[in-house]
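Down below is the structure, laid out as structure tokens.
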Protein chains: 2
Amino acid sequence: MKDLLPVIDYISRYVDLTDDEKNHLAGFLKITKVKKRQFIVQPGFVCQHKSYVVKGAFRGYLVDQEGKEHTLSFAIEDWWISDYSSLIYQEPATLFVEALEDSVLIQIAYEDEQRFLAEIPKLEKFERIITQRSLAFQQKRLLSNFTKTAEERYDEFMTKYSAIAKRVPQYALASYLGFSTEYLSKIRNGKTSKS
Amino acid sequence: MKDLLPVIDYISRYVDLTDDEKNHLAGFLKITKVKKRQFIVQPGFVCQHKSYVVKGAFRGYLVDQEGKEHTLSFAIEDWWISDYSSLIYQEPATLFVEALEDSVLIQIAYEDEQRFLAEIPKLEKFERIITQRSLAFQQKRLLSNFTKTAEERYDEFMTKYSAIAKRVPQYALASYLGFSTEYLSKIRNGKTSKS
DNA sequence: CTTATTTCCTAAACCAGTTCATTTTTATTT
DNA sequence: AAATAAAAATGAACTGGTTTAGGAAATAAG
């Protein structure tokens, strides 16, 4: 139980749970350890869990027809990750979710979550709020891709998410920001005409 | 009350409401009529409502520093629109939301929504579900922008959302798909090298 | 500590999509 | 119906970022 506290605490930031509710919830949580380069989600398989990162780092990405990778999300300690579409529609995933380091997760199975959402309505509120925030975040990211240059997006990421930038490989960062790794190299070494 | 049914019906697709709940909810809904080119949200002002389109068409867009417009969303009959970030954080909007035609809306004020979410927990579930779907949609859109060419995105939009494509100006469509109106013109008239 | 693998850098040629400037067409207003 | 404003088309010159192909560093594995 003690190991599961991080998730209980996380949820408690958004809604107040009684001790009974916390215990009930804890019964549905499972600890999982994964090694670097291991996948917790793969295309073709239905995503079964929502995962909270206790320790480590992850990356969710798509491989397109030409074999190019496009990173949709990163997650380090105290973040959640999954193939969101696959999870909510319970359809085959399109993403890989891969551990970038040896990691520890707390996972909630889809079926279990459906169950306790019905049993503890307060959790609906929690889900609503974090989903709303994710949506607002994604909208900002989309607009940022429209309005800013590669270099501006890079600078923005480095200041806002330096903790992540330090831990993920450069090609992963480039594919998150939406440009080639060669171009990221240029940006980093100031070969980008202006500047 | 009869005029408010579309929203009640919309919500009823996701959760079952009693007649009492429906009536209670209806008390918070307001009909608003707007003329073409009128704004229902403007940068600098906090977005006060979530709006359901009964009749008409809308466009939510950002104007960047260089004065270029970037369309985040469209809405026609049976869709919702607002500046989502501004609404949930109750902070000044960054978007314009403009009527593309003379339109009729059913609006829910932010404060009222907070109130009845607390009063009718079932509505939390409704909110959660539609927000989850919006998020999944936005993620797909982002990946589509990463993986597909301008022309592919255009073709995809035309087949999936022809109803919208028919009703919105071309420059709005281009700015939604993330390229210039001149390029859209080229795509439409097949001057785009390949093809 | 050596080898293999993965990650990162460099540079030139290239291209998808932009910019700019002008014209034509289509709506809107009087 | 004329006048005006808004939207769409066109084409030439340009540019931000890609591609290709290679080599150098750093990490991981035996």
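Remember, it's a predicted structure, so these values are computed and weren't measured experimentally. The chains referred to below are lettered A, B, ... by the order of the sequence lines, with proteins before strands, and numbering in each begins at 1.
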Tell me whether the side-chain N or O atoms of A/Lys68 pair up with the base of D/dT19 as donor and acceptor below 3.5 Å, since no angle test is needed here.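 No such pair is found, so the answer is no.
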Between A/Trp80 and A/Tyr10, does the ring centroid distance fall short of 6.0 Å?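 Yes.
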End axis versus end axis in the helix from C/dC1-D/dG30 to C/dT30-D/dA1, the angle rounded to 10°, five pairs used at each terminus: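 Overall, the helix from C/dC1-D/dG30 to C/dT30-D/dA1 bends by 60° from one end axis to the other.
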Rounding to an integer number of Å, can you tell me how far [X] [atom1] sits from [N] [atom2]?
{"X": "B/Glu98", "N": "D/dA6", "atom1": "CD", "atom2": "P", "value": "11 Å"}
{"X": "B/Glu151", "N": "C/dA16", "atom1": "CD", "atom2": "P", "value": "10 Å"}
{"X": "B/Asp102", "N": "C/dA27", "atom1": "CG", "atom2": "P", "value": "16 Å"}

Measure from the side chain of A/Asn189, starting at C-beta and using heavy atoms only, and say which of D/dA12, D/dG16, C/dC9 lies closest.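 Shortest atom-to-atom distance from the side chain points to C/dC9.
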Respond yes when some side-chain nitrogen or oxygen of A/Lys36 is under 4.0 Å from OP1 or OP2 of D/dA28, and no when none is.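 Indeed, a polar side-chain atom of A/Lys36 lies that close.
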Has B/Arg141 got its NZ or CZ under 6.0 Å from the middle of the six-membered ring of B/Tyr176, at an angle within 45 degrees of the ring axis?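 Cation-pi check for B/Arg141 and B/Tyr176: passes.
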Under the salt bridge (Lys or Arg N to Asp or Glu O under 4.0 Å) test, which residues partner B/Lys148, sequence neighbours left out?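 For B/Lys148, the residues satisfying salt bridge (Lys or Arg N to Asp or Glu O under 4.0 Å) (neighbours in sequence not counted) are B/Glu156.
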Using the salt bridge (Lys or Arg N to Asp or Glu O under 4.0 Å) criterion, which residues pair with A/Lys68? Sequence neighbours excluded.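 With neighbours one apart ignored, the set is A/Glu66.
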Given that B/Arg37 and B/Leu184 both sit by DNA chain D, which one's nearest nucleotide is further toward the 5' end?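 Comparing both residues, the 5'-ward one is B/Arg37.
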Without placing hydrogens or testing angles, list every side-chain donor-acceptor pair under 3.5 Å for residues 110-121 of chain A, not counting sequence neighbours.
residue: A/Glu113; atom: OE2; partner: A/Lys50; partner atom: NZ; Å: 3.4
residue: A/Glu119; atom: OE1; partner: A/His24; partner atom: NE2; Å: 2.4

Looking at side-chain heavy atoms only, is the closest gap between A/Pro169 and A/Leu100 below 4.5 Å?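 A/Pro169 reaches A/Leu100 side chain to side chain.
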Among residues 169-182 of chain B, which residues get a heavy atom nearer than 4.0 Å to DNA chain D?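 By residue number: B/Pro169, B/Gln170, B/Tyr171, B/Glu182.
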Applying side-chain hydrogen bond (donor to acceptor under 3.5 Å, both in side chains), can you list everything that pairs with B/Arg133, at least two apart in sequence or on another chain?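 None.
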